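Both counts, for ligands and for their atoms, begin at 1 and track the order of listing. None of these values were measured; they are calculated from a predicted model.
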Amino acid sequence: MSLDLVVGVLSLQGDVREHVAALAACGVRTRQVRRPSEVDEVDGIVIPGGESTTMDKLARAFEVREPLRARLEKGLPAFGSCAGMIMLADRLVDAVEEQQTLGGIDMTVRRNAFGRQVESFEEDLRIAGIAGGPVRGVFIRAPWVEDVGPGVEVLGCVETGPAMGRIVAVRQGNLLATSFHPEITGDHRVHRLFVDMVRGAGG
Ligand code: GLN
C-alpha cells in the first residue's frame with residue numbers, strides 16, 4: 001500500500017471516475033484536480049480519456065493549464081489515456097484550430113487516427129514493462145503515435161489488422177501515455193505501473 005502518495009486526476013472532463021477507481025484499487029489516495037492550487041497537492045497526475053479539445057479549453061478557462069505545465073516541466077509524473085495522451089503530446093496531427101496540448105512527450109500524435117471503420121475496437125496488446133500476459137486495449141476514437149523522438153520508449157504497438165505496427169503506448173521519463181483506456185477494463189496493471197513511477201519519482 002502507498003497511502004502516503006496522492007495521485008491526482010485532472011477532473012475537467014472525461015472518464016475521471018474510472019481513473020479514480022483504478023488508482024484507489026492500486027492503494028493510493030486520489031484527488032480530483034480542477035483548480036490551480038490543487039495542482040500542487042499531488043505527487044502525480046492522470047489525464048483521463050474524453051475529448052481533448054474540450055479538456056484543453058477547460059484547462060485554460062479554469063487557469064489550471066499553466067500551473068500544470070510548470071509542474072510537468074519540473075518532472076511531475078503523468079499518465080494520459082487517449083485524450084490524455086493527446087494532451088501530453090508535443091505535436092498533434094488533426095488538431096482543431098487553436099487546440100493546445102500540455103506537451104511533455106517528444107511525439108507527434110494523430111487524433112482520431114483509426115478511421116471510421118475501426119473507430120472503436122478492442123485488441124490484446126503486449127506492453128513492455130507489464131508482466132502477466134497481454135493487456136486488453138480498448139480503443140474509442142483513439143489517437144495513435146505517428147512518430148517519437150529519441151528519448152521516447154515505445155511500450156506497445158497494434159499487433160494485427162490494418163493499423164498493425166502503430167504505436168499505442170509510450171513512456172518518456174516520468175510521463176506515460178496510452179491510446180487505449182486501461183481504466184475501463186478492471187485490469188489495473190497499467191495504473192500500477194504508473195503508481196510505481198510516481199513512487200520512484202520520490203512522490
Ligand atoms: N478523439 C478524442 C480526442 O480527440 C479522444 C477520445 C477518447 O479519449 N476516447 O480528444
(message) Before you tell me yes or no, could you show the steps for Asp196 and Arg192 under salt bridge (charged side-chain N to carboxylate O under 4.0 Å, His left out), namely the whole-Å CA-CA distance, both residues' side-chain angles and the distance that decides it to 0.1 Å?
(response) CA-CA 6 Å; Asp196 286 344; Arg192 227 172 284 136; over 6 Å; no
(request) Decide side chain to side chain contact (heavy atoms under 4.5 Å, CB included) for Leu5 and Asp43; before the verdict, give the C-alpha distance in whole Å, the side-chain angles of both, and the deciding distance to 0.1 Å. (result) CA-CA 6 Å; Leu5 293 181; Asp43 301 303; 4.2 Å; yes
When you check ligand 1 against the protein, what N or O pairs turn up below 3.5 Å? List the atom names and distances, or just say none.
unit_1, atom_1, unit_2, atom_2, d
ligand 1, 1 (N), Asn112, OD1, 2.6
ligand 1, 1 (N), Arg141, O, 3.0
ligand 1, 4 (O), Ser52, OG, 3.3
ligand 1, 4 (O), Arg111, NE, 2.8
ligand 1, 4 (O), Arg111, NH2, 2.9
ligand 1, 8 (O), Gly50, N, 2.9
ligand 1, 8 (O), Gly50, O, 3.0
ligand 1, 8 (O), Ala83, N, 3.0
ligand 1, 9 (N), Ile140, O, 3.0
ligand 1, 9 (N), His181, NE2, 3.0
ligand 1, 10 (O), Ser52, N, 2.5
ligand 1, 10 (O), Ser52, OG, 2.8

(message) Considering only residues two or more places apart or on different chains, which pairs with a residue in residues 104-115 satisfy side chain to side chain donor-acceptor pair (under 3.5 Å)?
(response) Glu51-Arg111, Ser52-Arg111, Arg91-Asp106, Arg91-Thr108, Thr108-Asp147, Arg110-Glu146
(request) Mind checking side chain to side chain donor-acceptor pair (under 3.5 Å) for Arg136 and listing every partner two or more places apart, or none if nothing turns up? (result) Glu122, Asp124
Side-chain donor/acceptor pairs under 3.5 Å, residues 74-86, sequence neighbours excluded:
unit_1, atom_1, unit_2, atom_2, d
Ser81, OG, His19, NE2, 3.0
Ser81, OG, Gly49, N, 3.4
Ser81, OG, Glu183, OE1, 3.3
Ser81, OG, Glu183, OE2, 3.2

(request) Return yes if some donor-acceptor pair links the side-chain N/O of Arg189 with the main-chain N/O of Pro134 below 3.5 Å, else return no. (result) yes
